[in-house]
Amino acid sequence: VVSWNAMIAGFTQNGEGILAFEYFEDMEDFEIKPTVVTFSSTLKACSIIGRLEVGRCIHEKAIVNNFQFKCFIGSALVDMYCKCKSLDEACKVFDRLFDRNVVVWNAMIVGYVQHGEGVLAIQCFSMMKEWHVNPNKTTFSSISKACGIVGAIEQGRHIHEQIIKRGLELQTFIGGALVDMYAKCGTLEEAGKVFRKLPNRDVVSWNSMIAGYSQHGDPLQTVQIFENMRCSGVEPD
RNA sequence: ACUCCACAACGGUAA
């Protein structure tokens, strides 16, 4: 069963949801008893495929095996329902989980963000703190994004402080998310301040700066940033 | 039986 799991995981990690799913089906045909690991990978395959009926079907099979309350399964289920555009079902699963680790919370927060529900994402983040679950890098990058989409600049600055306290500000994903958050809020000075501190300015953070200046700033400055980007050797996409 | 090990879930840009 470990080698079957490894095959399924290998495909999902490479974005090959359908192939992964086919291995799961073959496994059933050979009557090999799936484990928790099988289901977490297969649910991820469903997230990639994005087909709700398939995801529900795997959910039911996980229940038959009594795996539905395990953390790895819970987070995979929440993520699967979010990616299959059923925020409702994701919430249902989330509410029923009594064991909610940071990944489960993150999956829910990301789900809200992906559905444009920034306010709900921020509320979820507050609840997470009440439950004394420690946020991690994923939490911070997605909650920064939530602040950006709703223009919650004060809340965003507060998150930024927490990020600094943990020494995570200069991580590519976190710093990039902060740059984008400030850029979306139109506070370009703050965006630039974080941006200039970043040790790795990748194409994403450059793009956020360009998008921010083109929406809230001067067109000439926008072009200037683009030039700077080219000079720095980062390829525009 | 129990414990441990091998395979597993979430994140930033125009969209």
Side-chain angles (χ1 to χ4, degrees), chain A residues 1-13 20 23-24 27 32 34-48 55 58 62 67-68 70-83 90 93-94 97 99-114 116 121 124-125 128 133 135-149 156 159 163 168-184 191 194-195 198 200-215 222 225-226 229 234 236-237:
Chain A
V1 66
V2 171
S3 34
W4 283 93
N5 287 348
M7 286 307 294
I8 297 172
F11 283 120
T12 59
Q13 281 161 13
Y23 270 82
F24 175 80
M27 206 176 150
I32 292 165
T35 64
V36 171
V37 176
T38 317
F39 280 103
S40 65
S41 297
T42 306
L43 285 166
K44 185 186 165 99
C46 298
S47 306
I48 296 169
I58 302 299
F67 291 154
Q68 70 271 41
K70 306 270 187 191
C71 260
F72 268 86
I73 303 301
S75 55
L77 282 169
V78 170
D79 183 57
M80 181 276 290
Y81 280 123
C82 289
K83 301 247 160 81
V93 170
F94 181 83
L97 287 173
D99 220 11
R100 285 183 287 210
N101 68 4
V102 63
V103 179
V104 175
W105 285 96
N106 287 346
M108 197 66 245
I109 291 172
V110 170
Y112 282 133
V113 171
Q114 282 165 351
C124 193
F125 177 64
M128 175 179 175
V133 175
N136 64 12
K137 292 184 201 175
T138 301
T139 321
F140 283 123
S141 53
S142 37
I143 204 65
S144 302
K145 176 170 171 157
C147 293
I149 61 181
I159 302 288
I163 289 171
L168 296 173
E169 190 194 22
L170 304 184
Q171 303 259 332
T172 307
F173 272 46
I174 310 262
L178 287 172
V179 169
D180 190 60
M181 176 189 80
Y182 287 127
K184 280 201 169 61
V194 177
F195 180 73
L198 291 180
N200 299 311
R201 279 164 229 156
D202 64 1
V203 66
V204 173
S205 50
W206 279 105
N207 285 345
S208 295
M209 287 297 289
I210 293 170
Y213 270 86
S214 72
Q215 275 162 20
T222 309
I225 294 171
F226 180 72
M229 173 180 178
V234 174
D237 66 3

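Lettering of chains follows the sequences in order, A, B, ..., and the numbering in each one begins at 1.
In this structure, the CG atom of A/D180 is 16 Å from the P atom of B/G11, given to the nearest Å. We find that CG of A/D237 is positioned 11 Å from P of B/A14, with the value rounded to whole Å. Note: CZ (A/F195) to P (B/G12) measures 19 Å, nearest angstrom. Put simply, NZ on A/K145 is 10 Å from C1' on B/A15, counting in whole angstrom units. One interatomic measurement links the two molecules: CD of A/Q13 to P of B/G11, which rounds to 13 Å at whole-angstrom precision. Straight-line distance from the OH atom of A/Y182 to the P atom of B/G12: 18 Å, rounded to whole Å. Taking atom CE of A/M181 as the reference point, atom C1' of B/G11 lies 15 Å away to the nearest angstrom. Atom CG of A/L168 and atom P of B/G12 are 16 Å apart (whole Å).
Side-chain atoms of A/S40 lie closest to B/A8 of the nucleotides B/G11, B/A8, B/U13. Side-chain proximity of A/N207 to B/U13, B/G11, B/C7: nearest is B/U13. Which of B/C7, B/A8, B/G12 sits closest to the side chain of A/A6 comes down to B/C7.
Between the A/S41 side chain and the A/T38 main chain, no donor and acceptor come within less than 3.5 Å of each other. The closest donor-acceptor contact from the side chain of A/T42 to the backbone of A/F39 lies at 3.5 Å or more, if one exists at all.
Look at A/K184 and you won't find any side-chain N or O under 4.0 angstrom from OP1 or OP2 of B/G12. Considering only side-chain N and O atoms, A/K83 lies under 4.0 angstrom from the phosphate OP1 or OP2 of B/G11. Taking side-chain N and O atoms only, A/K44 has a distance below 4.0 Å to OP1 or OP2 of B/C10.
Using a 4.0 Å heavy-atom criterion, one finds that A/V2 contacts the bases of the nucleic acid, with or without backbone contacts as well. Note on A/V104: nothing from the nucleic acid sits closer than 4.0 angstrom, heavy atoms only. Using a 4.0 Å heavy-atom criterion, one finds that A/T35 contacts no nucleic acid atom at all.
Remark: the A/N136 side chain and the B/G11 base include no donor-acceptor N/O pair separated by less than 3.5 Å. With hydrogens and angles left out, the side chain of A/N106 and the base of B/A9 share no donor-acceptor pair within 3.5 Å. A donor-acceptor contact under 3.5 Å is not formed by the side chain of A/S41 with the base of B/A8.
A heavy atom lying under 4.0 Å from RNA chain B marks the following residues of residues 137-144 of chain A, by number: A/K137, A/T138, A/S141, A/S142.
With 3.5 Å as the limit, one finds no donor-acceptor pair spanning the side chains of A/T172 and A/D202.
Contact check for A/M209 versus A/D180: no side-chain heavy atoms found under the 4.5 Å cut-off. By the 4.5 Å heavy-atom criterion applied to side chains, A/S205 and A/L198 are counted as neighbours. Taking 4.5 Å as the limit, every side-chain heavy atom of A/W4 sits out of range of all side-chain heavy atoms of A/F24.
Nearest heavy atoms, A/G74 versus A/V93: O-CG1, 4.2 Å.
Side-chain rings of A/W206 and A/F195 approach one another, their centers coming within less than 6.0 Å.
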